Amino acid sequence: MNMVNLTDELEAKADTSAPKIRAQKVNVHYSSNHALKDINLDIYPNEVTALIGPSGCGKSTFLRCLNRMNDTIDICKVEGRITLDGQNINDKKIDVVELRARVGMVFQKPNPFPKSIYDNVAYGPRIHGIAQNKQELDDIVWSSLKKAGLWNEVHDRLDASGTSLSGGQQQRLCIARTIAIEPEVILMDEPCSALDPIATAIIEELIEDLKNRYAIVIVTHSMQQAARISQKTAFFHLGKLLEHGDTTTIFTNPVHEKTKDYITGRYG
Amino acid sequence: MPNSHIVSSFDEDLQKLRDKITDMAELVADQFSDAECALTTKDLKLAAQVKEKDNYVDQMEQEIEKTAIEMIAIRSPMADDLREIISAIKISNALERIGDYAKNLSKRVSVLSEVGDYTVSSSIISQMISIINVMNEDVIDAYIHKSPEKAISVWTRDLAVDNLYNSLFRELLTYMMENPEYITAATHLLFVAKNVERAGDHITNIAELIYYIVEGTPLEMVRPKGDNSSETNVEFSG
């Protein structure tokens, strides 16, 4: 019986053909501003989906819909249906704290807590009660730092303040903090825009590795970064999703004229 | 016409690359028609000029490659820009090969001017080269105007060159069997004809690249191939 269950579980994990997140007819208004218009987009597991488009096109707004970060904005109204594994995330029965644990987020500017490196990563597992004892918490902190590619640089100073790290290290600390609570989806809002090319390359290498375990959605203004790290790309323009599909197709032969103008750096 | 790039120097760089391709294509077209002229008039001086000018063709290819590589490094081109820059490298490679064939034709002018009469065969070769010259001009036109229709028109004409090559191949084999003294001239003429036929193939490749630059997908039509000389066998009548 156990074997059957295990097989089922493995098959469920291996099923990458079903969307992890499905957005259907999503509309967002900020008061009278219609920020997102009828967005339909599927996010698949074990893939990086890049959201691209000019400033103000709605890509960050859409990203924030996926873990209900827009709930914190009074004038923001979200309509339409967004499901995580088939479950409507805007359903009143959904616990938003639990949702945000399943759909983690990394922001543009690294924002470690003014606490030690250890406590930054241990914070989530502690409040969600993931670890049963100190040993389990240590294991989570260490493995999260390893998965985030930061362990080798900080293992001998886990008590040092998170804010004492370099920008790139701080961002990886934030990624470690996100993955410590075992999310299923990671949202990244321009995670490299404040980093130098070396720190950016390290984060990109990390994203490549993380996608084997999570679905990743990344907002980026760097066309080259979107082309390098994503498997799917979605192009937003004036609140509409104009085109989405395989990244190689979008960057070599986009269908929509506006997509072509944007990615080739032309006046649209 | 596509919109201009926000960074205007990118447009300037692309235009310079296009101009270089056009200049090279025009030089190669001139080389081919000069080689034909040298062949038909047995003009050794003109043949020598064609051989000498091939160095310019090689230099232009290197220059286009260098420009394209620099643009890829500096501009990180995407979509149609990327296709155009990559295709520029491939087009310059094809043009360089066509230039080599013109040089090879010229190399044979000397020996062909010393051997016997080959009027009938050279008439067919002249017909082949005339078609190639028009294809050369039209493929430049298709490139400048980024016209898939014009590119397809050039692409389909290669069949006529192949058919002429096949008939010439049979004719020369027959001549050689009838008169062994004709073997030297016929062998050289076979190489000349093969070079012309191959030039047609490369122009066809350029036409395909023009189509790809504009449409973003390869030309799906089945390429008309008429060269069946590799399977031709002419039996001895006696």
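All values reported here derive from a predicted model rather than from experimental measurement. Residue numbers start from 1 in every chain, and the chains themselves are labelled A, B, ... in the order their sequence lines are given, proteins ahead of strands. No hydrogens, no waters, no symmetry mates; every other heavy atom, side chains included, goes into these values.
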Nearest 0.5 Å, please: how far is [atom2] in [Y] from [atom1] in [X]?
X: A:Thr264; Y: B:Leu14; atom1: OG1; atom2: CG; result: 9.5 Å
X: B:Glu215; Y: A:Asn253; atom1: CD; atom2: CG; result: 9.0 Å
X: B:Asp11; Y: A:Arg266; atom1: CG; atom2: CZ; result: 7.0 Å
X: B:Asp81; Y: A:Thr252; atom1: CG; atom2: OG1; result: 12.5 Å

Please say whether more than 12 non-hydrogen atoms of neighbouring residues, nucleotides or ligands are located less than 6.0 Å from [atom1] in [X].
X: A:Lys146; atom1: NZ; answer: yes
X: A:Lys147; atom1: NZ; answer: yes
X: B:Glu70; atom1: CD; answer: yes
X: B:Lys90; atom1: NZ; answer: no

